[in-house]
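Below is one structure, written out as structure tokens; the observations come after it.
What you see is a predicted model, and the numbers here were worked out from it, not measured in a lab. Only heavy atoms go into these numbers, but all of them, side chains included; no hydrogens, no water, no symmetry mates. Start at 1 and go down the list; that is how both ligands and their atoms are numbered.
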Amino acid sequence: MRLANKIAIVTGASQGIGLACASRLVQEGARVMLADVRETEGHAAVEQLGAAARFFCADVSQKADVDALVAATLEAFGQLDILVNNAGVTHAAEFLDLAEEDFDRVLRINLKSMFLCSQAAAREMIKRGSGCIINMSSVNAELAIPNQVPYVVSKGGVNQLTRVAAISLASHGVRVNAIGPGTILTELAKKAVLGSPEARHTILSRTPLGRCGEPEEVAAIAAFLASDDASYLTGQTLYADGGRMALNYTVPVQE
Ligand SMILES: NC(=O)C1=CN([C@@H]2O[C@H](COP(=O)(O)OP(=O)(O)OC[C@H]3O[C@@H](n4cnc5c(N)ncnc54)[C@H](OP(=O)(O)O)[C@@H]3O)[C@@H](O)[C@H]2O)C=CC1
Ligand SMILES: C[C@H](O)[C@@H]1OC(=O)[C@H](O)[C@@H]1O
């Protein structure tokens, strides 16, 4: 119970990695406010997690929603110790075909939301002299995919946002780190890549552990980063990728 008496916000928490993170934080003793644009799924998630969880329907790319989310969390739980910036989307289009509005939407949701949530949360955390922010980045912060232009750009920005927030907030006792997952078995990955046998083969050929990851494996790292076991870690991106970032050749694929 490394997180007993801690209060967390997890964004994009109605499914996938976010729901796994919320579940693991609850298992470790935290009480959690789940935020998502999906209201039905959000309430279902809270049903699943029990009394330690609440749901607030919010588009975290909008400052008004973010401010209301933090206010609702303080009203419900009285404090804020942990923020997991997890909400994210992708949009597939070739570079020359990508529309400005699609570029803007992905950057707004994947990057600007993390700035807005981090700023609002940090203002509460510094009142207590401590806190922890965890940003969900990706191997694609460093590995570019031709038809995922705004996604790749946004994740590169997440790594730098993590660093600049870490050095800005360190004197207030707030740590900021990121997790860079490889391909994880969720709806986003199924839509973006796992529906294509060729893409799946390519991914596995570049993954030494030979498999995609599970949301719970990412959540375990989030719980570590949120805990005092990570007390001397800030400004870092930890790649939970089956070895993908360590690799510079392909590996045989076990079909
Ligand atoms: N799955 C993977 O392979 C990897 C995922 N990641 C990152 O992990 C994070 C979670 O991904 P994953 O669990 O796969 O994705 P999912 O699509 O399964 O879950 C993301 C959730 O966030 C919601 N959401 C989208 N936009 C907003 C918003 N503006 N405000 C609040 N909630 C929103 C989504 O709703 P809706 O479905 O309506 O959009 C969805 O419910 C993302 O940041 C992603 O980039 C990183 C590396 C690998
Ligand atoms: C959109 C990607 O294909 C998906 O999300 C990631 O960050 C991983 O690279 C997954 O494959």
Side-chain angles (χ1 to χ4, degrees), residues 9-23 33-45 55-66 68-69 84-93 104-117 134-159 161-162 178-196 199-204 206-207 211-219 221-222 237-242 244-245:
I9 289 174
V10 181
T11 70
S14 79
Q15 64 179 314
I17 293 169
L19 177 54
C21 288
S23 177
M33 181 68 84
L34 286 72
D36 201 299
V37 286
R38 288 177 173 247
E39 187 154 16
T40 303
E41 293 87 343
H43 288 299
F55 175 71
F56 189 85
C57 191
D59 173 352
V60 292
S61 72
Q62 302 299 321
K63 186 178 187 305
D65 280 25
V66 170
L69 166 63
V84 180
N85 281 315
N86 169 77
V89 296
T90 189
H91 179 85
D104 289 350
R105 175 176 177 269
V106 175
L107 268 291
R108 187 178 74 249
I109 293 170
N110 289 15
L111 182 57
K112 184 179 174 184
S113 73
M114 295 195 184
F115 162 70
L116 293 172
C117 289
I134 299 161
N135 297 325
M136 206 56 69
S137 183
S138 164
V139 291
N140 297 126
E142 299 190 47
L143 300 177
I145 303 178
N147 71 338
Q148 300 279 346
V149 174
Y151 186 83
V152 165
V153 169
S154 71
K155 294 306 184 180
V158 170
N159 284 16
L161 176 66
T162 299
I179 302 171
T183 301
I184 309 299
L185 294 169
T186 71
E187 288 309 309
L188 180 141
K190 285 170 191 164
K191 278 186 292 208
V193 289
L194 296 178
S196 152
R200 182 183 177 88
H201 186 280
T202 300
I203 287 167
L204 294 178
R206 295 172 183 168
T207 306
R211 63 178 177 86
C212 295
E214 297 289 345
E216 293 73 18
E217 294 177 294
V218 179
I221 296 168
T237 297
L238 303 187
Y239 286 105
D241 64 356
R244 198 153 153 201
M245 292 301 288

Worksheet item: Just which atoms of ligand 1 are under 4.0 Å from any heavy atom in Ile109?
Response: 26 (N), 29 (N)

Response to the item:
Of all protein heavy atoms, the one nearest atom 4 (C) of ligand 1 is Gly182 O, 3.9 Å

Fill in: Options Cys117, Pro181, Gly88, Pro215, ranked by nearest heavy atom to atom 20 (C) of ligand 1, top entry
Gly88

Discussion item. Less than 4.5 Å apart, side chain to side chain, heavy atoms only: is that true for Ile9 and Val84?
Written reply: no

Worksheet entry | Close approach, Val60 and ligand 1, non-hydrogen under 4.0 angstrom | yes

Discussion item. Suppose I only count heavy atoms of Thr183 and a 4.0 Å limit; which atoms of ligand 1 are within that range?
Written reply: 3 (O)

Worksheet item: Just by distance, do the side chain of Thr11 and the backbone of Ala87 share a donor-acceptor pair under 3.5 Å?
Response: yes

Response to the item:
Logged contact type for Glu41 with ligand 1, heavy-atom cut-off 4.0 Å, is neither

Worksheet, complete the sentence: Honestly, for Ala58 the part within reach of ligand 1 (heavy atoms, under 4.0 Å) is backbone

Worksheet, complete the sentence: Scanning both residues in full, the closest heavy-atom pair of Ala13 with Leu34 reads O-CD2, 3.5 Å

Worksheet item: Counting from 1, what ligand 1 atoms have a heavy atom of Ile17 closer than 4.0 Å?
Response: 5 (C), 8 (O), 13 (O)

Worksheet, complete the sentence: Any heavy atom of Ala35 under 4.0 Å from ligand 1? The part involved is neither

Practice prompt. Among all protein heavy atoms, pick the one closest to atom 24 (N) of ligand 1 and tell me residue, atom and distance.
Written response: Val37 CG2, 3.9 Å

Worksheet item: Starting from atom 38 (O) of ligand 1, which protein heavy atom do you reach first, and at what distance in Å?
Response: Arg38 NE, 3.0 Å

Worksheet item: Okay, side chain of Ser23, backbone of Leu19: is any donor-acceptor separation there less than 3.5 Å?
Response: no

Worksheet entry | Cationic N near anionic O, under 4.0 Å, Glu217 to Arg211 | yes

Worksheet item: Between the side chain of Asp241 and the main-chain N/O of Val139, is any donor-acceptor distance below 3.5 Å?
Response: no

Worksheet, complete the sentence: Numbered in order shown, the ligand 1 atoms found under 4.0 Å of a heavy atom of Val89 are 25 (C), 26 (N), 39 (O)

Worksheet item: What are the atoms of ligand 1, with element, lying closer than 4.0 Å to any heavy atom of Asn86?
Response: 8 (O), 9 (C), 10 (C), 42 (C), 43 (O)

Discussion item. Tell me whether Asn86 contacts the main-chain N or O of Val10 through its side chain, where contact means a donor paired with an acceptor under 3.5 Å.
Written reply: no

Practice prompt. Could you pull out the closest heavy-atom pair between Ser137 and Val158, with the gap in Å?
Written response: CB-CG1, 3.8 Å

Worksheet item: Which residue supplies the protein heavy atom nearest to atom 15 (O) of ligand 1, what is that atom called, and how far is it?
Response: Leu188 CB, 3.4 Å

Discussion item. Need the ligand 1 atom indices (1-based, order shown) with element for anything under 4.0 Å from a heavy-atom of Ser14.
Written reply: 41 (O)

Worksheet item: If you take all heavy atoms of Ile179 and Ala222, which pair is closest and at what distance?
Response: CD1-N, 3.6 Å

Discussion item. Atom CZ of residue position Arg108 - does it have more than 12 heavy atoms of other residues, nucleotides or ligands inside 6.0 Å?
Written reply: yes

Discussion item. On a heavy-atom basis, which atom in Tyr239 and which in Asn159 lie closest, and how many Å separate them?
Written reply: OH-ND2, 3.1 Å

Worksheet item: What part of Thr186, side chain from CB on, backbone N/CA/C/O, both or neither, has a heavy atom under 4.0 Å from ligand 1?
Response: side chain

Discussion item. Using only atom types and a distance under 3.5 Å, with no angle test, would you say the side chain of Lys155 pairs donor to acceptor with the backbone of Met136?
Written reply: yes

Fill in: Per-atom contacts, ligand 1 versus Ser138 - under 4.0 Å to a heavy atom
46 (C), 47 (C)

Practice prompt. For atom 19 (O) of ligand 1, find the nearest protein heavy atom and state the residue, atom name and distance (0.1 Å precision).
Written response: Gln15 CG, 3.6 Å

Worksheet item: So, for Tyr151 and Leu188, which heavy atoms are closest and what is the spacing to 0.1 Å?
Response: OH-CD2, 4.5 Å

Practice prompt. Evaluate the side chain to side chain donor-acceptor pair (under 3.5 Å) criterion for residues Arg244 and Thr183: first the C-alpha distance (whole Å), next the side-chain angles of each, then the deciding distance (0.1 Å), finally the verdict.
Written response: CA-CA 10 Å; Arg244 198 153 153 201; Thr183 301; 3.1 Å; yes

Fill in: For Asp59, all residues meeting side-chain hydrogen bond (donor to acceptor under 3.5 Å, both in side chains), sequence neighbours excluded
Ser61

Discussion item. Could you identify the single nearest non-hydrogen protein atom to atom 44 (C) of ligand 1 and state the distance to 0.1 Å?
Written reply: Tyr151 OH, 3.6 Å

Worksheet entry | Minimum-distance protein heavy atom relative to atom 34 (C) of ligand 1 | Asp36 OD1, 4.0 Å

Response to the item:
All heavy atoms of Val106 vs all of Thr90, minimum pair found to be CG2-C, 4.3 Å

Atom pairs and distances, ligand 2 N/O vs protein N/O under 3.5 Å:
from: ligand 2; atom 1: 5 (O); to: Tyr151; atom 2: OH; distance (Å): 3.1
from: ligand 2; atom 1: 7 (O); to: Ser138; atom 2: OG; distance (Å): 2.6
from: ligand 2; atom 1: 7 (O); to: Asn140; atom 2: OD1; distance (Å): 3.1
from: ligand 2; atom 1: 7 (O); to: Tyr151; atom 2: OH; distance (Å): 2.6
from: ligand 2; atom 1: 9 (O); to: Asn140; atom 2: OD1; distance (Å): 2.5
from: ligand 2; atom 1: 11 (O); to: Thr183; atom 2: OG1; distance (Å): 3.0

Item to complete: Do me a favour and list the nearest non-hydrogen protein atom to atom 29 (N) of ligand 1 with residue, atom name and distance?
Response: Asp59 OD1, 2.9 Å

